[in-house]
Protein chains: 2
Amino acid sequence: MKESLEEIIQTIYLLPEQVLEEVLVNFQHLEYPKNYFLLKSGKPCKHLWFMTKGAARHFYTNEQGKEMNTWFSLDTQIIVDTTSFVKQEPAHESIQLIEDSEMYSIEYAALQVLLQKHHSFALWFIKLVELHYVAQIEDRIADLQFLDAKKRYQKLINLNSGITNRVSLGNIASYLNITQETLSRIRAGKL
Amino acid sequence: MKESLEEIIQTIYLLPEQVLEEVLVNFQHLEYPKNYFLLKSGKPCKHLWFMTKGAARHFYTNEQGKEMNTWFSLDTQIIVDTTSFVKQEPAHESIQLIEDSEMYSIEYAALQVLLQKHHSFALWFIKLVELHYVAQIEDRIADLQFLDAKKRYQKLINLNSGITNRVSLGNIASYLNITQETLSRIRAGKL
DNA sequence: ATCATTTTTTGATCTACATCAAATCAGTTT
DNA sequence: AAACTGATTTGATGTAGATCAAAAAATGAT
């Protein structure tokens with residue numbers, strides 16, 4: 001796990017010393033308790049977060065009022081509702097912490113200024129999107145389309161060892177797009 | 001429909017005249033017949049294409065040898081296997097034309113040079129990814145997770161009027177993640 | 001420890017969609 | 001036009017996973 005913001009940033013794409021310093025001052029270090037909402041649907045996503053410790057879930061609320069998880073962010077992941085962030089339009093999803101968490105955040109407006117000002121920061125941002133976003137999200141589509149519930153579960157726990165101790169069965173089931181009952185039966189080896 | 005490459009590029013993000021000219025010379029105009037493969041799985045995706053006329057499908061071949069469509073690109077869309085392109089690793093999917101098509105292409109290496117050379121081109125590329133990629137792909141996940149087969153079909157034909165005349169039932173069914181038989185029954189109003 | 005609340009498990013039944021098999025339709029070739 | 005080919009439709013049956021209901025287990029509060 002990476003502790004320092006500088007390390008997180010430089011691992012994505014190496015910035016010149018002077019640019020790095022200017023970037024760093026635009027980030028804020030934050031701590032929030034379990035259940036805190038980073039984003040509520042209907043509001044634009046004004047921040048991009050780097051989580052250094054903790055866990056969050058992204059979810060929609062469907063017409064029947066049921067919450068459906070679309071994503072988990074554990075520890076060192078980037079957190080953002082990309083669609084809402086890039087267009088600064090009301091978010092469709094909400095983002096809620098499921099553990100006490102620590103993170104760094106940067107505001108949309110500050111990011112735009114840095115992108116316009118520094119060529120190297122624009123290249124950094126491209127790498128960020130490529131590394132942490134594109135691959136993951138295309139994988140998710142393939143999983144939903146090709147794998148059955150049991151395989152989706154196995155893949156999830158392979159990639160996130162320990163997730164079962166940190167995220168409730170109901171939350172995991174919702175991410176896998178199955179009911180709690182079905183996940184319980186998968187775990188019990190009955191499916 | 002946009003015919004000129006210049007118009008396509010400038011609509012994404014306005015480039016300085018001199019940069020635009022340098023960008024334009026890095027694109028090639030191409031025409032390919034129906035059934036041509038832009039990309040075969042196993043090979044890295046070396047190009048990014050702007051389709052100006054025609055249609056393509058993106059598909060995986062699963063363990064049982066069945067082809068599963070993941071995406072359609074009709075007329076003015078960007079075509080690329082993003083995961084393979086950004087990492088220059090072997091692609092998991094193939095891209096095949098389903099109509100005689102016209103397009104412009106730029107090579108990965110040329111794109112990288114332009115990104116490093118011109119700040120404005122890096123900003124252009126960020127906009128490209130934001131506009132044509134992020135929104136679409138997150139929508140697709142939500143659709144697969146929340147909508148049943150009939151609603152996914154209705155949404156597809158609402159967003160792509162005329163797709164039923166251009167893409168075969170089997171190809172559409174595969175994209176919707178249902179069988180041909182089920183799609184036929186949906187169309188007949190029996191589901 | 002006890003009670004209350006939430007989370008997980010178990011069982012019975014139901015449903016959307018798959019699978020398999022065969023028939024029909026459309027477009028091409030001879 | 002007849003014959004061949006591929007695309008679409010129809011019918012019968014099977015199954016993964018949903019839904020509904022209730023029990024059991026875990027977690028937390030007094």
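Fair warning: this is a prediction, and the values are worked out from it, not measured in the lab. Labels below follow one simple rule: chain letters A, B, ... track the order of the sequence lines, proteins then strands, and each chain is numbered from 1.
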Is Ser168(B) near enough to dA7(D) that one of its side-chain N or O atoms lies under 4.0 angstrom from OP1 or OP2? no
Please determine, for the side chain of Ala149(B), which listed nucleotide (dC17(C), dT9(C), dT19(C)) has the closest atom? dC17(C)
To the side chain of Arg185(B), which of dT9(D), dT19(C), dG17(D) is closest? dT19(C)
Counting only heavy atoms not in Lys151(B), do more than 12 fall under 6.0 Å of its NZ? no
Rounding to a whole Å, what distance do you find between Ile178(B):CD1 and dG17(D):P? 17 Å
Angle between the two end axes of the helix from dA1(C)-dT30(D) to dT30(C)-dA1(D), five base pairs per end, rounded to 10 degrees? 40°
Any donor-acceptor pair, under 3.5 Å, between the side chain of Arg187(B) and the base of dT10(D), if you only look at N and O atoms? no
Geometric class of the His29(B)/Tyr104(B) ring pair [parallel <30°, tilted 30-60°, perpendicular >60°]: tilted
Tyr153(B) and Arg187(B): side-chain donor and acceptor closer than 3.5 Å? yes
Same hydrophobic cluster for Met103(B) and Ile95(B), using side-chain heavy-atom links shorter than 4.5 Å among ILVMFWY? yes
Does the ring centre of Phe27(A) sit less than 6.0 Å away from the ring centre of Phe50(A)? yes
Selected nucleotide, minimal atom distance to Ser184(A) side chain, candidates dA18(C), dG17(D), dT8(C): dT8(C)
Do NZ/NE/NH1/NH2 and the carboxylate oxygens of Asp143(B) and Lys155(B) come within less than 4.0 Å? yes
Checking contacts here: which listed nucleotide (dT8(C), dT10(D), dT19(C)) is nearest the side-chain heavy atoms of Gln180(A)? dT8(C)
Relative to Phe72(A), does Arg166(A) satisfy both conditions: NZ or CZ under 6.0 angstrom from the six-membered ring centre, and within 45 degrees of the ring's axis? no
Roughly how many Å is it from NZ in Lys34(A) to P in dT6(C), rounded to a whole number? 13 Å
Rounded to whole Å, CG of Leu183(B) lies from P of dT8(D) at a distance of 9 Å
Counting only side-chain heavy atoms from C-beta out, which of dT9(C), dG11(D), dA12(C) sits nearest to Leu169(A)? dT9(C)
First of Glu181(B) and Leu191(B) reached from the 5' end of DNA chain C, by closest nucleotide: Leu191(B)
